[in-house]
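Note that these values count all heavy atoms, side chains included, but never hydrogens, waters or copies made by symmetry. If you read the sequence from its start, that first residue is 1, and numbering goes on from there.
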Amino acid sequence: MTLDLSSFAKALQSLKEAVNESESEVFMSGLTPVQQNLIRAGVVQNFEFAFELSWKFIQRWIRLQ
């Protein structure tokens with residue numbers, strides 16, 4: 001049995017996009033400090049989601065072995 005990693009791949013792609021946007025000086029400089037904090041919180045949330053998915057996939061893989 002193989003694991004379907006498509007949801008994890010989507011979560012990683014979302015995290016990459018969020019990080020790239022948050023690192024854009026042009027984008028971030030046009031935002032208020034509150035908006036910048038919201039973007040950073042979104043990046044953290046994306047990371048947490050991707051981390052949780054990776055942990056669950058590791059657990060499933062171990063159970064299958």
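- Linking Ile, Leu, Val, Met, Phe, Trp and Tyr whenever their side-chain heavy atoms come within less than 4.5 Å leaves Val34 and Met28 in two separate clusters.
- Dense packing is recorded around CZ of Phe27, with more than 12 heavy atoms of other residues, nucleotides or ligands lying under 6.0 Å away.
- Between Ser7 and Phe57, the closest side-chain pair of non-hydrogen atoms falls below 4.5 Å.
- Transitive grouping of hydrophobic side chains (ILVMFWY, heavy atoms separated by less than 4.5 Å) brings Phe8 and Ile62 into a common cluster.
- A distance of 7.5 Å separates OG1 of Thr2 from CG of Asp4, quoted to the nearest 0.5 Å.
- No single ILVMFWY cluster, assembled from side-chain heavy atoms under 4.5 Å apart, contains both Val44 and Leu12.
- Contact record, Leu3 with Arg60: CD2-CB, 3.8 Å, taken as the closest heavy-atom pair.
- A donor-acceptor pair under 3.5 Å is formed between the side chain of Ser29 and the backbone N or O of Glu25.
- Glu17 has its side chain within reach of Gln13: a pair of non-hydrogen atoms, C-beta onward, lies under 4.5 Å apart.
- Side-chain contact between Val43 and Phe47 is absent, with no heavy atoms from C-beta onward closer than 4.5 Å.
- Distance check, rounded to the nearest 0.5 Å: OG of Ser22 to CG of Leu31 gives 11.0 Å.
- In the hydrophobic clustering of ILVMFWY residues, with side-chain heavy atoms under 4.5 Å counting as a link, Val19 and Phe49 come out apart.
- One hydrophobic cluster holds both Leu53 and Leu5 under the rule that ILVMFWY side chains link at heavy-atom gaps under 4.5 Å.
- Distance alone, capped at 3.5 Å, places no donor-acceptor pair between the Glu21 side chain and the Ala18 backbone.
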